[in-house]
Amino acid sequence: MDVSDRADELTVLRRRLAAMSGRPDQSSVEVRDPSAGVLPIPEALSEVLPHNGIPRGIVARFDGANSLLVALVASVTRAGGRVGIVGMPRLSLLSAVEMGADLSRIATVPEPGADPVEVAAVLLDGMDLVVLGRLGPTGSGTDSVAPSRARVVAGRVRKQSSVLLVAGAGWPGAQLSISARVLTYRHAPLVSAPTDLDSARSGYGRIGGMRLQVTASGRGRQSQSAEVELVVRGQGADRTVEMVSTTAVRPVLAVAN
């Protein structure tokens with residue numbers, strides 16, 4: 001892609017963002033209340049993340065199970081916020097809907113081309129939350145982003161009072177890190193109460209949820225961890241997924257990056 005083609009693509013993206021906000025004559029849109037200091041999160045995570053939410057104006061890192069990422073997207077859009085998702089073609093929007101997401105408030109760019117960071121920076125103009133997928137091969141994290149460029153993007157995040165959530169642990173200068181690890185899956189047999197998947201009869205029933213360990217750490221605060229459960233209710237078009245807390249928050253040892 002040459003420079004002119006890339007510029008045209010970014011122009012089209014800006015127009016799409018303006019149209020989503022109902023102001024197609026504006027090249028940059030303001031869709032958030034500056035007095036709202038945090039993005040909403042699932043209630044089950046309210047004691048794990050600082051200020052009972054994700055503070056606006058920061059870059060955060062995410063690693064681990066995408067189920068937590070989907071829950072965050074659903075929480076923001078359910079509260080009326082807008083979310084952009086860049087470079088994550090396999091992220092399940094169906095799962096987001098089952099958690100209560102509003103698809104009309106989600107913009108996706110599954111194949112952002114050679115410069116996904118630039119696409120994410122454009123989306124910051126009109127989104128409350130921008131999710132950026134891994135920039136390098138699996139296991140390489142996002143170390144390909146130069147610290148100088150990361151600082152420029154972080155400045156844009158602060159100016160727009162939005163949140164940039166980057167998958168992978170390599171983005172330099174992130175103020176918050178969130179990770180999610182699957183502890184166990186839950187089994188939903190047809191005639192009895194849910195049990196651990198390991199104890200279920202082979203070939204019988206279906207997965208009825210999972211338990212996650214969620215850990216959050218940031219500058220100047222002790223790392224905290226909690227376990228949450230994703231509970232599946234209903235089937236087919238009536239299927240919903242709810243995140244509920246299963247343990248009290250407890251301190252964990254911080255791991256040096």
Side-chain angles (χ1 to χ4, degrees), residues 6 9-21 26-34 36-41 49 53-63 66 68-93 96 101-136 141-142 144-145 149-178 218:
R6 180 164 165 269
E9 183 177 351
L10 293 177
T11 298
V12 170
L13 183 58
R14 288 190 176 97
R15 289 174 180 171
R16 288 174 57 192
L17 291 175
M20 285 181 66
S21 71
Q26 300 293 321
S27 60
S28 177
V29 296
E30 182 59 45
V31 298
R32 24 183 121 68
D33 179 2
V38 298
L39 290 185
I41 58 173
L49 292 170
I54 300 178
R56 290 180 179 273
I58 71 167
V59 178
R61 301 184 304 206
F62 174 85
D63 200 18
N66 279 346
L68 178 59
L69 182 58
V70 170
L72 293 174
V73 170
S75 182
V76 171
T77 60
R78 189 168 58 245
R82 300 184 187 276
V83 176
I85 303 174
V86 180
M88 302 193 75
R90 296 186 178 181
L91 190 68
S92 175
L93 294 182
D102 182 350
L103 288 182
S104 69
R105 295 182 173 275
I106 300 176
T108 62
V109 187
E111 302 295 339
D115 195 352
V117 175
E118 178 66 20
V119 174
V122 171
L123 284 170
L124 289 169
D125 284 346
M127 298 291 163
D128 297 274
L129 170 66
V130 175
V131 181
L132 177 60
R134 293 180 182 271
L135 303 183
T142 54
S144 58
V145 178
R149 190 178 191 194
R151 288 193 293 270
V152 171
V153 175
R156 192 181 186 102
V157 174
R158 289 192 299 272
K159 179 180 179 181
Q160 298 299 330
S161 190
S162 53
V163 171
L164 176 62
L165 184 58
V166 184
W171 184 279
Q175 294 100 319
L176 176 67
S177 295
I178 309 169

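Residue numbers count from 1 along this sequence.
- With rounding to the nearest 0.5 Å, the separation of CG in L124 from CZ in R158 is 12.0 Å.
- Between the side chain of R105 and the backbone N or O of G80 there is at least one donor-acceptor pair closer than 3.5 Å.
- Between the side chain of S75 and the backbone N or O of A71 there is no donor-acceptor pair closer than 3.5 Å.
- L176 contributes atom CG, which lies 6.0 Å from atom CG of L49 (distance to the nearest 0.5 angstrom).
- Side chain of R156 to main chain of A121: a donor-acceptor pair is present (N/O by atom type, distance under 3.5 Å, no hydrogens or angles).
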TODO: Decide side chain to side chain contact (heavy atoms under 4.5 Å, CB included) for V117 and V145; before the verdict, give the C-alpha distance in whole Å, the side-chain angles of both, and the deciding distance to 0.1 Å.
DONE: CA-CA 8 Å; V117 175; V145 178; 4.1 Å; yes
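- Salt bridge absent: K159 and D125 never bring a charged side-chain N and a carboxylate O closer than 4.0 Å.
- Rounding to the nearest 0.5 Å gives a distance of 6.0 Å between CG of L69 and CG of L165.
- The CG atom of L123 sits 12.0 Å away from the CG atom of D128 when rounded to the nearest 0.5 Å.
- We find the CE-CG distance between M88 and N66 to be 4.5 Å, quoted to the nearest 0.5 Å.
- Across every non-hydrogen atom of R61 and A174, the tightest pair is CG-CB, 3.3 Å.
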- [ ] Might you work through the salt bridge (Lys or Arg N to Asp or Glu O under 4.0 Å) test for R82 and D102, ending with a clear yes or no?
- [x] CA-CA 9 Å; R82 300 184 187 276; D102 182 350; over 6 Å; no
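- Of the possible donor and acceptor atoms, none in the side chain of Q175 sits under 3.5 Å from a partner among the backbone N and O of I58.
- No option in V131, V76, T77 other than T77 meets the side-chain contact (heavy atoms from CB on, under 4.5 Å) test with I106.
- With sequence neighbours excluded, the residues satisfying side chain to side chain contact (heavy atoms under 4.5 Å, CB included) with V163 are L39, I54, L129.
- Rounding to the nearest 0.5 angstrom, the gap separating the CZ atom in F62 from the CG atom in L68 is 4.5 Å.
- Contact record, A74 with A101: CA-CB, 3.7 Å, taken as the closest heavy-atom pair.
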